[in-house]
Amino acid sequence: MLTLTLSTDQPFNLDKTLSCGQVFRWARNDDWWTGVVGNRLIRIQQDGNRLTWDGADESFIYDYFALDLDLPRVLSEIDRDPVIHRAIEECRGLRIIRQPPWECLVSYIIATFTNIPSIKRRITLLCREFGNEISSDGEPCFSFPTREALAGAEECQVRACSLGYRAPFLCHVAQAIQANPGWEATIHNLPYEEARKELMHYQGVGRKVADCVLLFGFGRLEAVPVDVWIERIIRQHYLMSGEKANYEYLRRYAQDYFGPYAGYAQEYLFCMRNDIAKKE
DNA sequence: TACCAGGTAGCTT
DNA sequence: AAGCTACATGGT
């Protein structure tokens with residue numbers, strides 16, 4: 001068991017960070033969160049400013065949860081109106097996790113046109129089918145499928161993980177990535193707009209998934225994924241009623257309005273969606 | 001039963 | 001370029 005004492009001027013809220021919907025492989029039992037990242041099975045708990053965990057070394061935890069990021073500065077940058085201000089007050093300490101790009105890409109392709117409980121269920125099925133077992137005590141746990149495992153999978157077997165029409169997309173993406181091992185470096189080295197276009201060449205990756213992968217997998221904190229909730233929030237709280245706005249308009253609006261850390265504003269607003277977005 | 005969910009691909013205008 | 005629509009599945 002390892003521990004880490006968080007500095008008091010760098011807020012971190014483990015519960016908000018793991019429950020806000022950015023990651024899909026963590027579950028909470030009592031005070032402990034259990035999750036799988038890469039080949040690591042991690043158990044972690046927060047008690048005030050003390051973090052206790054096992055399954056990973058300190059440098060991994062520090063980087064995964066972006067504890068090196070100056071969060072107060074980020075939050076003061078995006079704190080531009082009462083709506084986002086309330087989200088900041090409510091969710092302070094939520095940090096955008098640095099997800100492994102491959103896992104992030106596959107996860108957010110699976111996350112299209114569905115709901116969060118279904119996403120979690122489907123990813124669990126996919127890992128059980130194509131991942132490696134990494135623990136036998138208690139209930140079995142499986143690592144995320146590698147590119148090779150998924151590239152070699154039969155489409156019907158992928159489809160059997162309740163993935164529906166997404167199955168061929170996943171097979172296609174796995175094969176394309178396997179054939180292009182340098183994809184991560186390519187994306188890393190491209191400016192935002194071009195990186196986005198590059199990602200959108202993959203089947204199943206449109207504007208929204210590309211923005212999710214850039215934000216959650218490549219640390220592009222200016223990326224603003226616009227899902228149905230963020231669209232409602234922007235329309236209801238930031239635009240004139242009836243103002244014409246497609247995806248690109250909404251995304252650019254948020255980026256211009258919130259600035260270089262607009263992705264953080266997006267995630268704080270998403271976390272508050274049930275309180276500030278009225279359906280209809 | 002009908003509607004909705006962290007949208008995308010492919011087609012039409 | 002911008003606007004439609006089918007799409008698999010499960011939850012409410």
Side-chain angles (χ1 to χ4, degrees), chain A residues 16-26 87 91 94 96-97 99 101 103-126 128-129 154-176 193 196-218 220-221 223-236 242-255 262-280:
Chain A
K16 294 279 186 198
T17 299
L18 290 177
S19 67
C20 71
Q22 59 176 327
V23 286
F24 306 108
R25 298 207 69 202
W26 287 89
C91 306
L94 188 169
I96 291 180
I97 286 174
Q99 303 183 31
E103 297 188 18
C104 185
L105 175 64
V106 172
S107 297
Y108 279 92
I109 289 173
I110 292 172
T112 60
F113 196 35
T114 186
N115 53 56
I116 291 178
S118 293
I119 298 164
K120 289 181 176 172
R121 183 175 154 276
R122 288 164 179 158
I123 292 177
T124 300
L125 290 173
L126 191 75
R128 183 177 305 165
E129 196 63 30
E154 292 294 334
E155 185 184 310
C156 59
Q157 216 180 342
V158 175
R159 192 175 281 267
C161 301
S162 291
L163 290 163
Y165 65 89
R166 302 169 190 82
F169 296 163
L170 292 176
C171 293
H172 171 272
V173 167
Q175 287 161 21
E193 296 281 357
R196 197 163 176 265
K197 280 182 197 155
E198 182 68 24
L199 283 170
M200 286 169 63
H201 288 138
Y202 296 108
Q203 288 274 315
V205 181
R207 301 170 283 228
K208 191 267 182 180
V209 172
D211 281 325
C212 285
V213 174
L214 288 174
L215 178 60
F216 301 124
F218 287 92
R220 299 296 177 89
L221 300 182
V224 178
V226 180
D227 71 314
V228 292
W229 296 101
I230 293 300
E231 176 169 359
R232 281 175 196 150
I233 292 168
I234 295 177
R235 285 185 188 283
Q236 291 168 16
E243 187 170 350
K244 260 185 87 176
N246 60 17
Y247 186 99
E248 296 305 320
Y249 184 96
L250 294 163
R251 190 259 298 175
R252 287 208 175 83
Y253 177 92
Q255 290 180 316
Y264 257 90
Q266 181 276 159
E267 201 56 19
Y268 272 64
L269 292 172
F270 183 79
C271 192
M272 290 289 284
R273 64 193 178 284
N274 291 320
D275 297 320
I276 61 179
K278 296 179 285 290
K279 293 196 184 185
E280 283 175 314

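Chain identifiers are assigned alphabetically (A, B, ...) following the order of the sequence lines, protein sequences preceding nucleic acid strands; residue numbering begins at 1 within each chain. These values consider heavy atoms only, across backbone and side chains, with no hydrogens, waters or symmetry-generated copies.
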Worksheet entry | Pairwise P distance for C/dA6 and B/dG6, with rounding to whole Å | 22 Å
For this session: Report which part of the nucleic acid A/Gly21 touches: base, sugar-phosphate, or nothing (heavy-atom distance under 4.0 Å, all strands).
Result: base
Fill in: Nearest-Å distance once atom P is located in both B/dT8 and C/dG11
23 Å
Assert: residue with more 5' nearest nucleotide on DNA chain C, out of A/Asn246 and A/Arg159, is A/Asn246
Base-paired stretches in DNA chain B with three or more consecutive Watson-Crick or G-U pairs, both distances under 3.5 Å, amount to B:2-5 with C:9-12, B:7-13 with C:1-7
Note: for A/Gln22 and A/Phe169 on DNA chain B, the residue whose nearest nucleotide lies more 5' is A/Gln22
field: Audit row: A/Trp229, A/Asn274, side-chain contact (heavy atoms from CB on, under 4.5 Å) steps and yes/no
entry: CA-CA 9 Å; A/Trp229 296 101; A/Asn274 291 320; 4.2 Å; yes
Scanning both residues in full, the closest heavy-atom pair of A/Ile116 with A/Gly21 reads CD1-CA, 4.1 Å
C1' spacing across the pair C/dG3 / B/dA5, given as an integer number of angstrom: 22 Å
Under a 4.0 Å heavy-atom cutoff, the residues of residues 265-277 of chain A touching DNA chain B are A/Gln266, A/Glu267, A/Phe270
What N/O pairs connect the protein and nucleotides 11-13 of chain B at under 3.5 Å? Give each pair on its own line.
none

| message | Is a donor from one side chain sitting under 3.5 angstrom from an acceptor on the other, for A/Thr114 and A/Arg122? | response | yes
When rounded to whole Å, the CZ to C1' distance for the pair A/Arg196 and B/dT8 reads 13 Å
Residue pair A/Ile276, A/Leu269: steps toward the side-chain contact (heavy atoms from CB on, under 4.5 Å) verdict:
CA-CA 8 Å; A/Ile276 61 179; A/Leu269 292 172; 3.8 Å; yes
Min and max contacting nt of DNA chain C in 5' to 3' order, chain A heavy atoms within under 4.0 angstrom, are C/dG3 to C/dG10
Rounded to whole Å, CD1 of A/Ile119 lies from C1' of B/dG7 at a distance of 11 Å
Quick test: give all pairs of protein nitrogen or oxygen and nucleotides 3-5 of chain B nitrogen or oxygen below 3.5 Å, distance rounded to 0.1 Å.
unit_1, atom_1, unit_2, atom_2, d
B/dA5, OP1, A/Arg232, NH1, 2.8
B/dA5, OP1, A/Arg232, NH2, 2.6
B/dA5, OP2, A/Arg232, NH2, 3.3
B/dA5, O3', A/Thr114, O, 2.9

When rounded to whole Å, the CG to C1' distance for the pair A/Leu250 and B/dG7 reads 14 Å
May I ask you to say what A/Lys120 touches in the nucleic acid, namely base, sugar-phosphate or nothing, with a heavy-atom cut-off under 4.0 Å?
nothing
The ring pair (Phe, Tyr, Trp, His ring centres under 6.0 Å) partners of A/Tyr268 (sequence neighbours excluded) come to none
In short, A/Leu199 meets A/Ala210 closest at the heavy-atom pair CD1-O, 3.8 Å
Inset, instruction - Give a yes or no answer on whether the side chain of A/Gln236 reaches the backbone of A/Lys278 with a donor-acceptor pair at less than 3.5 Å. - result: yes
For residues A/Gln22 and A/Thr17, determine if any side-chain heavy atom of one lies less than 4.5 Å from a side-chain heavy atom of the other. yes
Test side-chain contact (heavy atoms from CB on, under 4.5 Å) applied to A/Asp211 and A/Tyr247, step by step = CA-CA 11 Å; A/Asp211 281 325; A/Tyr247 186 99; 2.7 Å; yes
Of A/Pro117 and A/Thr112, the one whose nearest nucleotide on DNA chain C sits closer to the 5' end is A/Thr112
On DNA chain B, more 5' by nearest nucleotide between A/Tyr202 and A/Cys212 is A/Cys212
Base, sugar-phosphate or nothing for A/Arg121? Non-hydrogen atoms, less than 4.0 Å. sugar-phosphate
